[in-house]
Structure formats: C-alpha cells, structure tokens
Amino acid sequence: MGHYPVIGDLEEIYFDKALDEGIIKARIWYISQIFKSVPAAVLYSVNWSFIMFENYLKTAYRNFAKYKMYTFINISGLAVGMASFFLLSLWVQHEISFDRFHKNANRIFRITTVMKKGDMETTGVLTPLPLGPALTEEYPEVNNYTRIRILPSGWTTKYKNKAYTNDSYCWADPGFFEMFSFKFLKGSPETAFSDWNSAVITKKTAEKYFGNDEPVGKVINVAGRFEFKIAGVINNIPDNSHLQFNILAPFKMYEKLGINLENWKARLTCNTYIQIELDADYRDLNGKVKNICSRHLPEIDAEIFLQPLKRIHLHSDFLWDRAILGEIKYVYIFSALSIFILLIACVNFINLATARSAGRAREVGMRKVMGAGKADLVKQFFGESVISSLVSLILAVIIVEMLLPSFNELSGKNLFIDYFGNPVYIPALIGTAILTGILSGIYPSLFLSSFQPVKVLKGILNIGRSSKYLRKGLVVFQFSLSIILIICATVIYNQLGYIKNKDLGFDKDQILIIGSISDHVRNYDAVKNELLEHPGVLSAARGFRPIYPEIGSSTEISWEGKEPGSNVLMQRYNVSFDYLNVYRMELASGRNFSNRISADTVNYILNEEAVKITGMNSPLGKRFSYKGREGVIIGVVKNFHHGSLHNKIRPVILQLGEAMAVNIRISPDNIRGSLSYIEKVFKKAVPGIPFDYEFLDETINNFYSAEVRVGTIFKYFTILAIFLACLGLFGLGSFTAEQRTKEIGIRKIHGASVSNIIILLTNEFTKWVLLANIFAWPAAYFFMNIWLDDFAYKSGMGLQVFLFAGTGALIIAAITVCAHSVKASRTNPVDALKYE
Amino acid sequence: MEMLTKLEELILLSVWRLGDSAYGTTIYKHIQEVTGKNLSLGGVYFPLERLTKKGFLQSYKGESTDKRRGLSKRYYRLSETGVSALNDIQRVNSEMWEGYPGLFLSPGKGK
C-alpha cells in the first residue's frame with residue numbers, strides 16, 4: 001500500500017482549492033486535513049477492533065461449547081494447578097517475610113554463641129547478661145542493644161477479677177523500642193520503661209484485661225509477687241515476627257530479684273540483640289567482636305557471631321531458641337513443589353490445546369479461503385488460549401478463597417490474598433495467566449496458521465506427525481515430575497512416621513515434668529512422699545529432663561583398661577535412684593542405683609554407646625571415673641534418645657546427683673485430678689512461686705509439629721499433582737484415540753480384536769511412562785538425600801520406594817488410557833471410514 | 001452478510017457511481033457533496049484501504065499529473081464481492097425502507 005496516492009490527492013485538492021478560494025484558505029484546509037486524519041484513523045481502527053474482538057469471542061465461545069469436555073478438563077486442570085501454585089506461594093512468601101517490617105531490620109543482629117568442649121561444639125543463643133552493654137561501650141559501630149528473655153506462658157497475670165496464665169512475657173531493655181518497629185498506640189518509647197515496674201502490653205492484651213477502659217496507669221498483678229503499671233500499649237504483634245509476646249517488662253526488674261546484671265558469670269542468661277551504624281559492615285565487626293567473651297571470661301572457650309535479623313526465622317538451629325522458627329529447607333521444598341504443579345498443569349494445558357488444534361486444521365483451511373490473514377489466525381488462536389487461561393485464573397482465585405480456611409488450619413498460618421494492599425498481586429496473577437495462555441497458544445497458532453488451505457482441506461497432510469514428538473516429550477516430562485513427587489512424598493512420609501514412632505528408649509506417655517518450681521523445693525523427700533500418697537501418682541523421681549540438652553560433659557574420663565592417650569567425650573546426666581523406673585528405661589545388664597547402697601553415690605551407669613566407645617567387653621564391676629570422681633560401673637542402660645531428637649545418641653553417663661526437675665508418672669485415669677493434687681502439694685511446699693509443668697508427650701509432639709505439618713501439606717499437593725498428570729493423560733488419550741479412529745477401523749477390518757487394540761494403545765503410553773521413570777529416579781534421589789541429611793536416624797530410601805512410585809505411575813497411566821482404549825476399540829469400522 | 005459501516009457503504013456506492021474515474025480525490029469530494037459533512041481525507045482513505053484488503057474493491061495504478069507533484073493516482077473499482085455486498089445492502093435497505101412515507105410521517109404512528 002503506498003501512501004503516495006494520498007499525498008497526490010492532497011496536492012491535487014490543494015491546487016484546486018487555491019485556484020478557487022485563494023491560497024490562504026487552501027493552506028488552512030491542507031493543515032486541517034493532517035490534523036483531522038489522525039483521530040479519524042484511530043476511531044476507525046478502534047471501531048473495527050471491537051467488531052473483530054466480538055467476532056473472536058463468538059468463535060471462541062462456539063468452540064468451547066462444541067468441545068465441552070475438553071474445555072472443561074483444560075480449564076479446570078489449569079485452574080487447579082494455578083490455585084495450588086498460589087496457595088503454596090502464599091505459604092512461601094509468608095515464611096520469607098518474617099521480621100521485614102522493622103525499619104532498622106538491616107542493622108539489627110542477634111548474638112549467637114559457639115562453645116567448644118573437647119571435640120564438641122555447642123551453638124546457642126543464650127549470652128551473658130553484660131554482653132549487650134559491653135558491645136555497645138567497646139565498639140563504636142554498635143549504637144544500641146537490648147537484652148531479651150521470653151517466657152511463653154506459665155505466669156499468672158491478674159487484674160481485678162480476671163486471671164490468665166497464658167500470657168507471654170518478654171523482658172527487654174529500653175533500646176528494644178528504639179531498635180524494633182512496634183508501633184505505640186498509647187504511651188511512647190521514651191516513657192515505656194521509665195520505672196522498673198512499668199509494662200507495655202499489646203492491643204489484644206489490653207482488650208483482654210481492660211475491655212474498652214483506658215489501660216495506661218492500671219496495675220496488674222503478676223505471679224502473685226509483682227505489680228506492674230501499664231505505661232504503654234503497642235499494636236498487636238504481626239504473626240511474621242520471630243519474637244512473639246504480649247506483655248513487655250523492663251529487664252532491670254531482675255535486679256529487684258537479686259540478680260547482678262553486670263555479672264558475666266551470673267546463672268541467668270539472656271538473648272542479646274544489637275544494632276549497628278548505617279555504614280558499618282557487620283562482617284568486619286564480627287571479626288572484631290568474636291572473642292569478647294574470652295576477654296571477660298577467660299576460662300570459657302566461646303566465640304560470638306552476629307546473626308542478621310532477617311535470617312533468624314529460617315536459618316536458626318540453636319539450642320534453647322525461643323524464637324518462632326521455620327526452616328529454609330521447607331521453603332525450598334514448597335517453592336519447588338509449587339512450580340512443579342504449575343508446570344504439570346501448564347503442560348497439560350499446552351498438550352490438550354495442541355492436540356485439539358490438530359483437529360481444527362479444517363477450520364483453519366476454511367478461514368484462509370475466506371480471506372483470513374496469517375496474522376488474524378495467530379491472533380485468534382492466541383486469543384482463545386489467553387481467554388481460556390484467564391477464565392482458569394478466575395476459577396483458580398475462587399478455589400483459593402474456598403480452600404484458604406482449611407489450608408490455614410493445616411499450615412498453622414493466617415494467610416490471605418491481599419488484593420489491594422500489595423500492588424504486585426493482581427498484575428502478577430494476571431501475568432501468570434496470560435503467560436500460560438501465550439505459551440500454550442504458540443504451537444497451535446504458529447504451526448497451524450502456516451498451513452496451505454487446499455492441502456489441509458484435502459486432508460492429505462498428516463498433521464499429527466511432528467506434533468507427536470512434542471506431545472510425547474511433554475507427557476514424559478509431566479510424568480517425570482509426578483513420579484519425582486510420589487517418591488519424595490513416600491520418603492518424607494516414611495521418615496516422619498519413623499521418627500515419630502521411633503522407640504525413644506524410654507516411655508514418654510503419662511509423664512508430667514515439674515520444672516522451675518522444683519528448683520526451690522527444700523524438703524524434697526517429704527514432698528515426694530506426699531505426692532506418692534495420691535493413687536494417680538505412680539512414681540516420681542528427680543532427674544534431668546529427657547530431650548532437653550544438658551551441658552554436662554567432659555573428656556576427663558578414665559576406666560579400667562583404658563589406653564593412655566585416648567580421648568573420649570561423654571555426656572553426664574544427673575538422676576536420682578528411681579529415675580530409671582519412672583521412665584521405664586531398660587537395663588542391658590547390671591542393676592539400677594539403689595538408695596540402700598551408699599557406694600552408689602559415686603557409682604555409674606553407662607549407656608550402650610558409652611560402653612561401645614570404651615571398647616570394654618564386660619564393663620560391669622570395672623572401675624570408672626568422671627571428672628576425678630572414682631566409682632564403679634554397676635549397670636548398662638539401653639540407648640535412649642537425649643538432647644534433640646534429630647541428633648545421634650551419644651555416649652552417656654548416669655550418676656546420682658543434683659537435678660532439680662521432678663519427673664512424675666501418673667496413671668491415665670483422672671489426669672486432671674492427679675494434676676490438681678500435684679499442684680496443691682507443690683504450692684504448699686513452695687508458696688509464691690508459679691507452678692509450671694509440662695506433659696512430656698506433648699512437648700515431644702510439638703517438637704515435630706512443624707515437620708508433621710509440612711508432611712501433610714506435601715502429601716495433599718502430591719496427590720493433586722498426580723491427579724493433574726492423569727487428567728492430562730486422560731485428555732490426551734481421548735484425542736489420540738479419536739485421531740486414530742481411522743487406523744483402528746482398518747485394523748478391525750483386518751481382524752484385530754478389541755483386546756488387541758487396547759494393548760496397542762496402552763503400549764504406547766506405557767513406553768512414555770517408563771521413560772519418565774528414568775528421568776525421575778535420579779532427580780528424586782538427589783533431592784531426598786539433601787533432605788534426609790538433616791536426620792541422624794533415617795528410615796532409608798530403599799529401592800522399593802522407587803519401584804512403588806514407578807509401578808504406581810504405570811498403573812495410574814494404564815487405567816486412564818484403558819478407558820479410552822476400550823471406547824476407541826469399540827468403534828464401528830464403518831463409521832470410522834465414512835469420510836474416505 | 002458482513003456488516004459494513006455506513007461510511008464504507010457510501011464509499012462502495014461512490015466507487016460504483018464514479019465508475020472509471022473513482023480515485024481518492026473524487027471519492028472524497030463526492031461523499032462530501034452528498035452528505036454535506038466535512039470529512040478528512042485520511043478518514044476516507046482508511047476505510048478505502050480496508051475495503052480493498054478485504055476484497056470488496058480492487059485498485060490499480062493511474063497516471064500522474066503535475067498537480068500531484070508527480071505522484072500517481074490510485075483508481076478503485078468494485079470487485080465481485082463488492083457488488084454482492086452492495087446487493088445485500090440494497091436488499092436490506094429496500095425491505096427496511098419499504099413504504100416509508102417521508103414528509104407525511106408523524107411520530108407515534110409507526111406502521
């Protein structure tokens with residue numbers, strides 16, 4: 001199209017006008033023409049675009065209606081895939097978002113410690129009390145600090161007639177409010193801790209105790225001993241904060257309890273957080289401060305490290321960490337899972353759209369004859385697939401909203417799609433849908449629109465051929481992903497079950513542990529006798545709390561027959577004589593401590609691991625000494641889990657010694673009755689100290705609650721992924737069968753039986769699934785190795801897991817395809833060949 | 001039957017009426033005369049090109065004159081498709097317009 005005729009016409013009319021009306025009017029006309037043409041052109045194209053758009057919509061709708069089932073499979077499959085992707089992304093996003101709301105987040109660090117003892121390193125987050133102030137004084141890069149101690153629950157808070165024991169207390173220094181961004185609704189950071197007994201509470205807590213009344217100035221009674229005056233109210237703590245509490249009190253209060261905050265060797269420890277200057281490099285600073293503890297406490301070999309605030313939630317693996325923690329491992333797993341599922345769904349979508357487009361070759365031919373340009377066809381197919389995926393998007397969002405409550409319960413979170421709050425969301429959602437639409441539209445639109453109409457109409461061209469490889473590849477890819485998921489899900493499920501049910505070496509059920517109040521009990525024997533008077537109390541003994549890490553260990557060990565120079569590290573736990581009974585720990589050999597044998601106060605019981613490491617063949621009766629205390633080995637106890645359940649069992653020595661916690665075995669009947677009786681006894685023995693207790697089996701279950709959650713979520717989504725893969729196979733199968741009706745018809749004429757044909761069709765798919773296995777197995781093995789590495793005790797990845805997954809996939813594929821094979825093989829050959 | 005805009009319809013009719021002398025300028029002037037509207041040249045050319053692309057019109061090169069600064073004219077004539085499109089429009093129009101009394105019509109007395 002040349003534009004020159006237009007200009008020629010312009011000139012011509014201008015010439016004539018100049019002659020008729022004068023040159024000025026002609027010029028005015030000329031210029032006005034240029035201006036007028038632009039809007040005219042725009043309006044004209046817009047008008048036509050609308051008409052064309054309406055036309056496309058009509059065609060698309062007609063297409064959809066005609067192929068109802070395929071459209072349904074396609075759209076719902078993609079919708080489900082997108083919904084899964086969104087749900088899992090919400091989860092992942094929440095985990096990564098922890099602690100980012102603090103303004104100074106990039107400058108705040110938590111102090112972590114590494115203590116070396118022999119060849120064992122313990123990492124922790126508990127630091128000496130004066131560490132924070134010392135760091136701030138000695139290093140100009142550190143401009144603020146706060147000590148923190150959190151007590152999650154156990155203290156009773158009273159106001160007038162309201163009393164609750166479930167408040168979470170946090171002791172902190174005034175620097176806390178300057179460093180962290182917790183917004184004050186009443187009061188201010190400066191006045192918050194002006195007195196040693198002022199407290200700051202969250203909005204929820206204020207409502208709990210004071211309703212709508214003014215909280216500031218009111219006095220609450222804590223643990224029956226202290227009175228706190230409310231000096232401020234802060235906004236509720238968002239759930240993506242690693243620090244969770246609802247009442248804040250000044251750390252200085254500990255001085256009133258007789259603790260010297262400047263004592264590096266005080267029994268009380270705390271978490272320390274520091275804030276550094278804007279331009280300071282924390283790695284530099286880390287090098288400088290590493291040995292500060294050794295300087296103040298030369299007898300301890302400990303180093304400190306700065307842990308960035310934003311890494312705390314996902315990258316912490318420390319003892320005694322009361323922060324709300326997640327694991328980076330699961331973030332990776334769920335990210336991968338979400339992408340896998342979306343990929344499977346997209347591949348389905350593309351596969352089906354492609355397969356279907358092969359059947360539309362005739363329509364394409366006709367359109368071209370009618371004058372459709374290549375661009376128009378491309379636009380049409382793209383339009384159809386984008387519309388499909390946008391519809392899927394809407395469906396996906398509906399699914400997500402419906403499933404959110406259950407998902408939140410499953411994951412223990414409070415997730416929601418923040419449609420308007422976050423400007424990224426809506427464009428991101430739409431973008432994902434459009435991208436999928438475009439990807440799935442590429443093949444049919446480009447491939448089909450380059451057909452030559454006549455050939456197509458004559459049906460000569462076998463469209464199926466080169467698209468076959470693409471489809472094969474996609475199906476193999478899909479099934480590989482599904483098989484990987486099945487394998488991983490099985491392994492994870494096995495491992496979690498294994499750990500949960502693993503024999504711990506002691507009986508954890510019906511055990512009540514009384515913790516800190518026991519520290520104050522003076523006349524323990526009398527208390528114990530009183531406890532045993534209740535029929536619900538079966539046995540009681542002082543001793544260490546199982547699965548709590550103890551720091552009693554040493555290499556100062558010797559035994560009869562020890563080779564000089566060999567150095568072993570063993571952990572020592574203090575027990576009382578009836579401890580083993582309470583926990584029903586079994587002896588491999590020898591006897592338990594007895595309170596009638598006075599020598600037992602220096603004797604030892606070793607666990608099997610300890611015996612193994614010493615190499616003694618018959619340890620009973622042999623002399624043994626720990627840290628200089630000479631005694632005799634009287635028994636060997638079977639290995640039991642101590643410390644974290646994730647760690648290996650180490651060599652352990654049991655000796656009679658000071659351990660405060662009281663471990664009580666109660667009968668399963670009337671647990672409440674027993675509990676209240678025990679509480680009464682303790683309160684009488686130690687008045688004024690809050691009674692805190694825990695059920696051991698609950699503590700252990702909580703230990704695994706995170707893993708169990710993750711496992712369950714993973715399980716559901718894996719089932720979903722497999723379902724999607726089958727859906728895709730189902731859709732594909734029907735098309736293939738349809739396309740080959742002619743072939744099947746011919747075969748039948750030549751005498752093939754129904755079962756022959758079924759076998760033929762099924763065979764093809766079987767090959768693909770087998771191929772998928774070859775890709776899937778190494779990948780799954782690789783991923784699972786990484787995950788299992790963290791566990792000291794693994795249930796293992798036997799070959800049977802892989803075979804199970806592979807066979808499972810095969811069976812599922814076979815069933816899906818069978819349905820179509822049966823239908824296809826039943827076609828009447830006459831019908832199939834009708835079009836010839 | 002494909003729905004054409006009113007302007008496109010007018011363009012086709014002009015091309016028919018102008019016969020061998022149907023090109024940009026004459027079509028433009030003709031439509032202006034009859035409708036009385038002050039169109040823009042571009043506003044006529046876009047539909048003209050589209051009609052050609054869709055096959056209702058055929059175009060062929062013409063001579064150039066000095067007036068046109070040496071640029072050649074582009075003539076248009078109706079194709080078969082164009083003719084049948086006009087026939088369709090005429091059929092619809094005559095049915096729709098059948099019996100319209102014009103000056104004697106009063107509102108509300110539709111028939």
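Note on naming: letters A, B, ... go to the chains in the order of the sequence lines (proteins, then strands), and numbering restarts at 1 for each one.
Ranked by heavy-atom pairs under 4.5 Å with chain B, the list Asn47(A), Asp16(A), Ile34(A) is led by Asp16(A). Interface summary for chain B: among Ala41(A), Pro39(A), Ala40(A), the most heavy-atom pairs under 4.5 angstrom belong to Ala41(A).
Going from atom CD of Gln32(B) over to atom CD1 of Ile13(A) covers 8.0 Å, rounded to the nearest 0.5 Å. One finds the CG atom of Leu10(A) at 5.0 Å from the CG atom of Leu41(B) (value rounded to the nearest 0.5 Å). In this structure, the separation between CZ on Phe46(B) and CG on Leu43(A) is 11.5 Å, given to the nearest 0.5 Å.
Heavy-atom minimum distance, Ser37(A) versus Ser40(B): CA-OG, 3.8 Å. The two residues Lys36(A) and Leu39(B) come nearest to each other via the heavy atoms NZ-O, 4.0 Å.
Interface residues of residues 19-28 of chain B toward chain A, defined by a heavy-atom distance below 4.5 Å and sorted by number: Tyr23(B), Gly24(B), Thr25(B), Tyr28(B).
Side-chain contact check for Leu7(B) versus Tyr44(A): every heavy-atom pair is 4.5 Å or farther apart.
Heavy atoms closer than 4.5 Å to chain A are found nowhere in Lys61(B), neither backbone nor side chain.
The environment of Phe15(A) atom CZ is sparse: at most 12 non-hydrogen atoms of other residues, nucleotides or ligands sit within 6.0 angstrom. Remark: Leu19(A) CG is packed, more than 12 non-hydrogen atoms of other residues, nucleotides or ligands lying under 6.0 Å away. Atom OH of Tyr60(B) sits in a crowded spot, with more than 12 heavy atoms from other residues, nucleotides or ligands closer than 6.0 Å.
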